[in-house]
2 protein chains.
Amino acid sequence: MQDGGTTGGGENLLFLTDEQLRKGIEAMFFAYRGFTADPDRILAEHGYGRAHHRALHFINRVPGTTVSNLLDILGVTKQSLNRVLRTLVEDGLVDSRVGARDRRERQLTLTEPGRVLERALSEAQRARMRAAYRAAGPQAVAGFRQVLEAMMDEGQRRAFSGLREGG
Amino acid sequence: MQDGGTTGGGENLLFLTDEQLRKGIEAMFFAYRGFTADPDRILAEHGYGRAHHRALHFINRVPGTTVSNLLDILGVTKQSLNRVLRTLVEDGLVDSRVGARDRRERQLTLTEPGRVLERALSEAQRARMRAAYRAAGPQAVAGFRQVLEAMMDEGQRRAFSGLREGG
DNA sequence: CTTGGAAAGTCAACAAGGCTGCCATAAAAT
DNA sequence: ATTTTATGGCAGCCTTGTTGACTTTCCAAG
């Protein structure tokens with residue numbers, strides 16, 4: 001059992017006060033800005049936005065994935081994704097080919113230039129994350145991950161965990 | 001480079017592998033969606049967006065704050081904020097009055113209807129956060145906060161910490 | 001007092017990326 | 001063969017980010 005305080009037989013629930021929750025909320029807000037700041041700079045140089053980053057990231061993670069699958073993961077609508085995918089394909093960063101089994105589907109993979117940009121973006125983001133992890137230490141990181149997972153919606157958690165098996 | 005193993009007298013650095021960092025990055029992405037999902041639903045009922053939520057939140061936190069101060073906290077441009085503020089003032093949720101000392105400034109406060117909506121939004125968000133905190137436990141929460149603070153930009157961290165003293 | 005610069009805030013115009021809704025094509029079911 | 005269902009593309013709208021020009025106010029130098 002996680003305890004925390006040293007009250008008689010009960011847990012110390014000070015970490016659940018509205019004040020503590022508010023601090024957590026604001027920390028989440030400010031941290032997310034830091035989290036996206038470095039990739040955003042690189043993207044801006046290429047005339048892309050965060051939506052492009054997300055597409056590149058998950059196509060890299062699940063090569064050969066379909067538009068539908070990507071829609072499920074990203075939780076946006078078709079047009080939002082489609083606009084982004086179209087520019088990435090036009091610019092030669094993503095390869096879109098008609099599905100092997102089902103010809104309605106498109107199978108998406110990164111081209112070599114696509115991989116290059118993806119690596120630049122993810123390395124920038126990892127550097128920030130690595131610095132934060134190192135500063136906070138392994139135990140803090142474990143807690144960080146626990147809270148984040150508990151904060152997800154059910155469907156999101158499944159998308160998150162399900163990312164192990166390829167598309 | 002990435003070590004991980006249990007080398008001689010060194011710490012265990014497995015939590016700094018690219019794989020662990022990637023999981024943290026994806027967890028951050030999915031968790032942030034959960035984090036905003038509940039307020040988003042309430043906002044949509046009122047025809048507002050996240051930008052309105054942020055404005056209401058920080059005006060509530062720092063009553064009498066100015067537009068400039070809010071710009072510093074939120075890190076957006078004047079027009080982005082101004083558009084949102086204008087609708088909130090028109091709708092009677094925010095009171096904007098000429099500054100007492102400096103008449104160029106506007107002092108912003110929530111009206112009673114503004115406070116009602118702010119409470120609804122923040123209670124929805126706190127409920128999610130409370131559930132996550134409870135599920136993860138106090139030690140995890142401490143780690144969560146440490147990693148988030150380490151992830152912020154310097155300026156953001158100052159805005160975050162500086163929110164103690166009023167505007 | 002006047003003038004000139006800096007600061008606060010408003011607004012116009014544009015771009016990115018959310019959204020819904022409609023359509024074409026391919027597959028599956030009847 | 002025909003109807004239904006699924007994938008994905010496209011048109012058009014809205015929020016919210018951007019830059020840049022403008023007004024009002026303050027303050028400091030002359």
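Protein chains get the first letters and strands the later ones, always in sequence-line order, with residue 1 at the start of each. This structure is a prediction, so every number in the text was calculated from the model and none was measured.
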From OH of B/Tyr48 across to P of D/dT15 the rounded distance in Å is 11 Å
For D/dG9, does either OP1 or OP2 sit under 4.0 Å from a side-chain N or O belonging to A/Arg106? yes
B/Gln79 has its side chain closest, among C/dA27, D/dT7, C/dA13, to C/dA13
If you look at every strand shown and take non-hydrogen atoms under 4.0 Å, does A/Thr77 touch a base, only sugar-phosphate, or nothing?
base
Determine whether a donor-acceptor pair (one donor, one acceptor, N or O, separation below 3.5 Å) exists between the side chain of B/Arg50 and the base of D/dG17.
no
Backbone N/O of B/Met151 and side chain of A/Arg128: donor-acceptor pair under 3.5 Å: yes
The answer to which of A/Arg83 and A/Asp102 contacts DNA chain D further toward the 5' end, by nearest nucleotide, is A/Asp102
- Task: Answer yes when B/Lys23 and B/Asp18 have at least one side-chain N-carboxylate O distance shorter than 4.0 Å, and no when they do not.
- Result: no
When rounded to whole Å, the CG to P distance for the pair A/Leu56 and C/dG17 reads 12 Å
Rounded to whole Å, the CD-P distance (A/Gln107 to D/dT7) equals 14 Å
Do NZ/NE/NH1/NH2 and the carboxylate oxygens of B/Glu149 and B/Arg145 come within less than 4.0 Å?
yes
Review point. Looking at A/His52, does any N or O in its side chain come under 4.0 Å of the phosphate oxygens OP1/OP2 on C/dA16?
Key: no
Among D/dC10, D/dT16, D/dG9, the one nearest any side-chain atom of A/Val67 is D/dG9
In whole angstroms, the gap separating P of C/dA29 from CZ of A/Arg104 amounts to 10 Å
Residue pair B/Leu85/A/Arg103 against DNA chain C: nearer the 5' end by closest nucleotide is B/Leu85
With the side chain defined as heavy atoms from C-beta on, A/Glu105 is closest, among C/dT20, D/dC26, D/dG8, to D/dG8
Under-4.0 Å side-chain N/O to phosphate OP1/OP2 contact, A/Thr66 with D/dT7:
no
> Thinking salt bridges, do B/Glu118 and B/Arg115 make one under a 4.0 Å N-O criterion?
Replying inline: no
Item to check | Side-chain N or O of B/Asn82 closer than 4.0 Å to phosphate OP1/OP2 of C/dG9 | outcome: no
#### Entry: A/Glu26 and A/Arg33 ion-paired at < 4.0 Å
no
Testing D/dG8, D/dC26, D/dC10 for proximity to the side chain of A/Lys78, the answer is D/dG8
For a quick test of reading the model: is some side-chain N or O of A/Ser80 closer than 4.0 Å to OP1 or OP2 of C/dG18? yes
To the nearest angstrom, the CG-P distance between B/Leu71 and D/dT16 comes to 16 Å
Rounded to whole Å, the CG-P distance (B/Leu81 to D/dT15) equals 16 Å
Rounded to whole Å, the CZ-C1' distance (B/Arg97 to D/dT25) equals 19 Å
Backbone of A/Val76 reached by a side-chain donor or acceptor of A/Ser80 within 3.5 Å = no
Atom CG of A/Leu43 and atom C1' of D/dT18 are separated, to the nearest Å, by 16 Å
